[in-house]
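Handing you a structure now.
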Amino acid sequence: DQQVKQNSPSLSVQEGRISILNCDYTNSMFDYFLWYKKYPAEGPTFLISISSIKDKNEDGRFTVFLNKSAKHLSLHIVPSQPGDSAVYFCAAREYGNKLVFGAGTILRVKS
Amino acid sequence: ETGVTQSPTHLIKTRGQQVTLRCSSQSGHNTVSWYQQALGQGPQFIFQYYREEENGRGNFPPRFSGLQFPNYSSELNVNALELDDSALYLCASSPAGVSYNEQFFGPGTRLTVL
């Protein structure tokens with residue numbers, strides 16, 4: 001039973017436009033949500049996070065939105081750059097600091 | 001500051017064998033977590049170690065075991081390997097065992113079981 005779902009396996013965006021990556025979850029007990037980016041042959045790198053008590057967190061070009069009633073979060077990247085092309089994982093923190101990951105979305109930014 | 005390192009990079013084993021994977025935490029980090037990432041999936045939590053004690057475990061059988069050493073480096077041991085154990089094994093460290101915002105991942109060990 002997948003508690004964190006990323007329903008779009010891939011997304012293609014033109015350079016300079018907005019990239020929106022989506023994530024849905026089922027467990028109301030998650031208290032923290034994180035986005036990780038992964039390049040081939042590298043481990044995931046932390047991008048941005050949001051506490052369950054907030055609805056928005058912004059860091060430069062990256063903004064994460066959380067809709068608790070819908071159990072949905074999204075990552076916005078504006079403007080998108082070719083270097084943003086990677087696999088993006090949504091993760092949620094469960095008890096004991098366990099992270100539950102989605103399956104990932106491949107983002108391709110075309111120049 | 002040295003990041004998280006893992007060894008070996010790649011490994012090929014046959015079914016029924018045992019394997020040991022190693023991880024060196026980022027400097028100053030005393031918590032290590034291990035994840036299994038199968039092809040096309042996200043990382044799945046195996047277990048976490050904090051100050052040499054297991055501090056949480058995911059839905060993995062007992063043949064997956066671990067150790068953390070006084071220098072906070074860690075090992076993941078898998079006995080009686082099965083074909084489905086073929087995956088990328090990721091180690092992640094963090095600076096505290098109770099509350100933190102993110103974990104820092106190593107590049108992973110690619111295990112192939114034939």
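Every heavy atom of this structure was used, including side-chain atoms; hydrogens, water molecules and symmetry mates were not. Protein chains get the first letters and strands the later ones, always in sequence-line order, with residue 1 at the start of each.
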- [ ] Determine, using the 4.5 Å side-chain heavy-atom cutoff (strictly less than), whether B:I46 and B:L81 are members of one ILVMFWY cluster.
- [x]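 Looking at the clustering, B:L81 is in the same group as B:I46.
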For atom CZ of A:R17, decide whether the heavy atoms of other residues, nucleotides or ligands shown that lie under 6.0 angstrom number more than 12.
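Open: at most 12 neighbouring heavy atoms sit under 6.0 Å from CZ of A:R17.
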Checklist entry - Going by heavy atoms in the side chains, are A:L99 and B:S33 under 4.5 Å from each other? => result no
### Centroid separation A:F101 to B:Y35 less than 6.0 Å
yes
message: More than 12 heavy atoms of other residues, nucleotides or ligands under 6.0 Å from CG of B:L114: yes or no?
response: yes
| B:F105 side chain reached by A:K38 side chain, heavy atoms, under 4.5 Å |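 In short, these two side chains do not touch, never coming nearer than 4.5 Å.
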TODO: Step through the shown structure and confirm whether more than 12 heavy atoms of other residues, nucleotides or ligands are within 6.0 Å of CZ on A:R61.
DONE: yes
If one checks every heavy atom of B:Q37 against chain A at 4.5 Å, the contacting part turns out to be side chain
(request) Could you pull out the closest heavy-atom pair between B:Q41 and A:F89, with the gap in Å? (result)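 For B:Q41 and A:F89, the tightest heavy-atom pair comes out as O-CE2, 4.1 Å.
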For A:Y36 and B:Q103 the tightest heavy-atom approach is OH-N, 2.9 Å
Heavy-atom count check: over 12 atoms from other residues, nucleotides or ligands less than 6.0 Å from A:I53 CD1? no
